[in-house]
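In what follows, every heavy atom counts, from backbone to side chain, and hydrogens, waters and symmetry copies are set aside. First the proteins, then the strands, lettered A, B, ... as listed; each starts at 1.
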There are 4 protein chains.
Amino acid sequence: MPPVVSDKYKQEKKAAILKSAFECFAEKGFQVATIDDIVAHSKISKGAIYNYFNSKDDIYIELMNQHTNENITSLKRELEKLADTREKLDYFFHLYSHLDQHPQFSNSTRVHIEFWLYSTRKNELRDIMLARYELYKNLFKRILVEGIEKGEISTHVNPDELSFIFWGVIDGISLHFAMLLDQYPYQKVYKEIQELIYTKLGFN
Amino acid sequence: MPPVVSDKYKQEKKAAILKSAFECFAEKGFQVATIDDIVAHSKISKGAIYNYFNSKDDIYIELMNQHTNENITSLKRELEKLADTREKLDYFFHLYSHLDQHPQFSNSTRVHIEFWLYSTRKNELRDIMLARYELYKNLFKRILVEGIEKGEISTHVNPDELSFIFWGVIDGISLHFAMLLDQYPYQKVYKEIQELIYTKLGFN
Amino acid sequence: MPPVVSDKYKQEKKAAILKSAFECFAEKGFQVATIDDIVAHSKISKGAIYNYFNSKDDIYIELMNQHTNENITSLKRELEKLADTREKLDYFFHLYSHLDQHPQFSNSTRVHIEFWLYSTRKNELRDIMLARYELYKNLFKRILVEGIEKGEISTHVNPDELSFIFWGVIDGISLHFAMLLDQYPYQKVYKEIQELIYTKLGFN
Amino acid sequence: MPPVVSDKYKQEKKAAILKSAFECFAEKGFQVATIDDIVAHSKISKGAIYNYFNSKDDIYIELMNQHTNENITSLKRELEKLADTREKLDYFFHLYSHLDQHPQFSNSTRVHIEFWLYSTRKNELRDIMLARYELYKNLFKRILVEGIEKGEISTHVNPDELSFIFWGVIDGISLHFAMLLDQYPYQKVYKEIQELIYTKLGFN
DNA sequence: GATGAATGAGTATTCATTCAT
DNA sequence: TATGAATGAATACTCATTCAT
């Protein structure tokens, strides 16, 4: 109950809006959830929401940026701790193969892919999404490149293509899990995929 | 206009609506395209459209059913012609690895996944989509089962899991291609994927 | 009530919307009156209104076009009946100097000038308003040009400038009348103005 | 910020707000310009603005009062310096016929008339605007009355009516100039108008 | 006095669906 | 069967004003 309010206050308010927004998007989908849903859910007035964000699209973008930043930062930090390529890839597979345990994973996936598709028709959004794609792709690609340089993985591997495959597989599996839920053998599928890729890399 | 119209007339009309609807959905996305867009594109009146379909959702469902039926029928027909498992899988990979040539492939993918996600929140739709998923999964799974029975592929393969993987990979790659378009090395990715899977199956 | 409705029906509906819209604009001003006001006043649904017009701006434009067309047509018809320049100008002055009798004249003036000002900030609208200005200016200018050619008015007159003056005076007086109403000696002012201009033209 | 701020401080602050407000109104129009526009332009907080003014309407009123006061004071001062009626009228015409040179003239006119029209529907505002109208009318009328008394202008002149005409013409021409800008022969029109009126007054 | 976050009624516009003809 | 006008709830976003600090 401002004004002349601390940065902390503002950050918390923004965070509260984002949290509510995520929950609304998760429940109904990005396009179906309305600003009024967020108002009702967050108990923050419409005007206040628009004080912190320019548009509904903007809310999603910030939500995703925040998640991406945290995620990438955390991934990099963990990967740095690990010495060899095998360990790094183990880390990746371990991480993603247990996402099904996270209660919001399927909703999160749905919203993410829905927005991805939605962004396809709006150039400004599309550029943002592509830049983010690049970030993830390079993260993985770098591991492979270094693995090859260090002689830890087969030189037959094309880091670029394998990165595309890796993230494609991740999104495909996430999408199917988001649809099938309990009926999808999520962890078994990951085990198999890991084996396929490890064989290619020349592990074991 | 005919006094009592023939079945043929009705089928053609329905087909014309579906064709237009597909083109509208492809251009704008399922949720963004409107019934009025379909009216304008098809030059068929709104009332007539609602004579043949109960709702916008229904139009999509019929569109998908028709496509699925044609597609599955055609797949089965082609697969029957082929004797061994390797050939059958070659056929699959050849087919999907060239979809990027089809001008409407990326739009079609977008609409398909968009609707899939959308269906997630409506039980009635979700059941329909799941049944369709099952159809495709079994088609692939049966090939693997038969391949194992005939000793043409490694007994280490779990047909169920590998089917999940196969379709997951297909959708993941299609989704990424729909986003990245020219920047996505579609065919190279398929070649690699095929190799990964063939190794697993024990081919070569 | 529809569909497959006669042209007459549609014209009447459109006319009913325009009539209501005019009354709402007159009562509250163009910018303050809302589409909901028009809905309430006309008892025509919002959707129906947007079936006939693209936007609130569009409603005003059509209102003005209709009025302008009727007005210009009627002016031309009357002017054609009159032989000499003096009579034509008499007709003009008589017409405009009695507008204060029309119950909606002041409201009409207010809305018209408000929209004129409003149009200033939107290029598309501005062009439309300027074209309309030209129409009126030329109508008057032609009379003067012909009057000079026929030797009925002084050759010292510059038809272009005098037309600007004529319409400027009309709008200035209308605007002041719209403000002052009963306190404005509308007809006396017109008499005086007429005299000023007639002297210039060399009448009497 | 001062503990007890001086009157001078307050006046300067108020003046700064009015200056910004005028520029915002001029740029976007009174109804379209927002308080936030004024905040952004003046770099004075919203709360501070509402400390000095009760409402957006109030800001305009004060703006106009200030301008009117300055303007009338200046007019009176200059007119006092001049001996005869002809010179006084010359002064008027010279002043107004060169307003087109002032860069903000057309914007100023637009805002002024827009607010005038807007005030029409709010009695409180309307009274203020009418009082101001009276001020200007009397200023001009007094010159004519004195001119008649001093025998410097024709006794056929009705000072009241001619004042209405004078200000009506000024506003009409200003309005048309604000619309047409370069396309309007502003100074030529004034020359002509002056001639018309001078003839009536019996000059030359 | 100054600040600026909060408020929430208000705005133009859209669109799936209905149904009288 | 075909038509397309009508419906009205729903939508994202705005903005003058308030008031706790």
Side-chain angles (χ1 to χ4, degrees), chain A residues 1-6 9-10 13-14 31-39 43-59, chain B residues 1-5 9-10 13 31-39 43-59, chain C residues 1-6 9-10 13-14 31-39 43-59, chain D residues 1-5 9-10 13 31-39 43-59:
Chain A
M1 294 104 179
V4 188
V5 116
S6 64
Y9 172 89
K10 287 203 267 185
K13 191 98 184 191
K14 200 164 179 175
Q31 292 182 83
V32 172
T34 70
I35 296 290
D36 279 315
D37 287 333
I38 301 174
V39 168
K43 314 225 182 267
I44 292 170
S45 78
K46 211 180 293 195
I49 292 173
Y50 277 94
N51 257 155
Y52 290 91
F53 301 95
N54 297 318
S55 65
K56 195 178 152 189
D57 285 1
D58 189 37
I59 294 177
Chain B
M1 294 108 174
V4 177
V5 298
Y9 172 88
K10 286 204 242 176
K13 192 108 185 186
Q31 290 182 82
V32 172
T34 68
I35 296 291
D36 278 313
D37 288 331
I38 301 174
V39 169
K43 312 215 184 277
I44 292 169
S45 78
K46 215 180 288 197
I49 292 173
Y50 276 91
N51 265 359
Y52 290 93
F53 301 95
N54 298 317
S55 66
K56 198 178 152 189
D57 287 0
D58 189 35
I59 295 176
Chain C
M1 291 108 182
V4 188
V5 114
S6 65
Y9 173 89
K10 287 204 267 186
K13 191 98 186 194
K14 200 165 181 175
Q31 290 181 85
V32 172
T34 68
I35 296 290
D36 278 317
D37 288 331
I38 302 173
V39 168
K43 314 227 183 265
I44 291 169
S45 78
K46 212 177 292 195
I49 292 173
Y50 278 93
N51 256 157
Y52 290 91
F53 301 94
N54 298 317
S55 66
K56 195 179 153 189
D57 285 1
D58 188 37
I59 294 176
Chain D
M1 294 108 175
V4 177
V5 299
Y9 173 88
K10 287 204 242 173
K13 192 106 185 186
Q31 292 182 79
V32 172
T34 68
I35 297 290
D36 278 314
D37 287 331
I38 301 174
V39 169
K43 311 212 183 280
I44 293 170
S45 77
K46 215 180 289 197
I49 292 173
Y50 275 91
N51 265 0
Y52 291 93
F53 301 94
N54 298 317
S55 66
K56 195 179 155 188
D57 286 359
D58 190 35
I59 295 176

K.L.:
Would you please confirm or rule out a distance under 4.0 Å between OP1 or OP2 of F/dT1 and any side-chain N or O of B/Lys13?
P.N.:
no
K.L.:
From CD1 of A/Ile44 over to P of E/dA5, roughly how many Å is that when rounded to an integer?
P.N.:
14 Å
K.L.:
So do the side chains of A/Ile49 and A/Ile59 get within less than 4.5 Å of each other, counting heavy atoms only?
P.N.:
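A/Ile49 vs A/Ile59: side chains touch.
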K.L.:
Would you indicate what D/Phe53 reaches in the nucleic acid, counting non-hydrogen atoms under 4.0 angstrom: base, sugar-phosphate, or nothing?
P.N.:
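Touches nothing.
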K.L.:
On the nucleotide E/dG1, are OP1 or OP2 found under 4.0 Å from the side-chain N or O atoms that D/Asn51 carries?
P.N.:
no
K.L.:
Quick one: side-chain hydrogen bond (donor to acceptor under 3.5 Å, both in side chains) partners of D/Asn54, sequence neighbours excluded?
P.N.:
none
K.L.:
Should C/Ile44 and C/Val39 count as side-chain neighbours, where that means a heavy-atom distance under 4.5 Å?
P.N.:
no
K.L.:
Looking for any heavy atom pair under 4.0 Å, which part of the strands does A/Lys14 touch: base, sugar-phosphate only, or nothing?
P.N.:
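Nothing, no nucleic acid heavy atom in range.
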K.L.:
Using atom CD1 of B/Ile38 as one end and atom C1' of E/dA16 as the other, report the distance to the nearest whole Å.
P.N.:
11 Å
K.L.:
F/dA2, OP1 or OP2 - any side-chain N/O from B/Tyr9 closer than 4.0 Å?
P.N.:
yes
K.L.:
What integer distance in Å separates C/Tyr52:OH from F/dA5:P?
P.N.:
6 Å
K.L.:
Take nucleotides 12-17 of chain F nucleotide by nucleotide from the 5' end and write B, S or -, depending on whether a protein heavy atom sits under 4.0 Å from the base, only from the sugar-phosphate, or from neither.
P.N.:
SBBBSB
K.L.:
Walk me through it: do A/Ile35 and A/Tyr50 pass the test side-chain contact (heavy atoms from CB on, under 4.5 Å)?
P.N.:
CA-CA 10 Å; A/Ile35 296 290; A/Tyr50 277 94; 3.6 Å; yes
K.L.:
Starting from P on E/dC15, measure out to CD1 on C/Ile49 and report it in whole angstrom.
P.N.:
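Taking CD1 of C/Ile49 and P of E/dC15, I get 18 Å after rounding.
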K.L.:
Counting N and O atoms only, with roles assigned by atom type, does the side chain of C/Asn51 sit under 3.5 Å from a partner on the main chain of C/Ala48, one being a donor and the other an acceptor?
P.N.:
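No.
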K.L.:
For Watson-Crick and G-U wobble pairs within 3.5 Å on both distances, what is DNA chain F written in dot-bracket notation, | included for inter-strand pairing?
P.N.:
.||||||||||||||||||||
K.L.:
Does OP1 or OP2 of F/dA2 have a side-chain N or O of B/Ser45 closer than 4.0 Å?
P.N.:
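The answer is no; no side-chain N or O of B/Ser45 sits under 4.0 Å from OP1 or OP2.
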K.L.:
Go through the steps for C/Lys46 and C/Ile38 under the test side-chain contact (heavy atoms from CB on, under 4.5 Å), then give the verdict.
P.N.:
CA-CA 8 Å; C/Lys46 212 177 292 195; C/Ile38 302 173; over 6 Å; no
K.L.:
Test your reading of the model: is there a side-chain donor-acceptor pair from A/Lys56 to the backbone of A/Ala33, 3.5 Å cut-off?
P.N.:
yes
K.L.:
Can you give me the closest heavy-atom contact between C/Tyr52 and C/Lys14, atom names plus distance?
P.N.:
O-CE, 4.1 Å
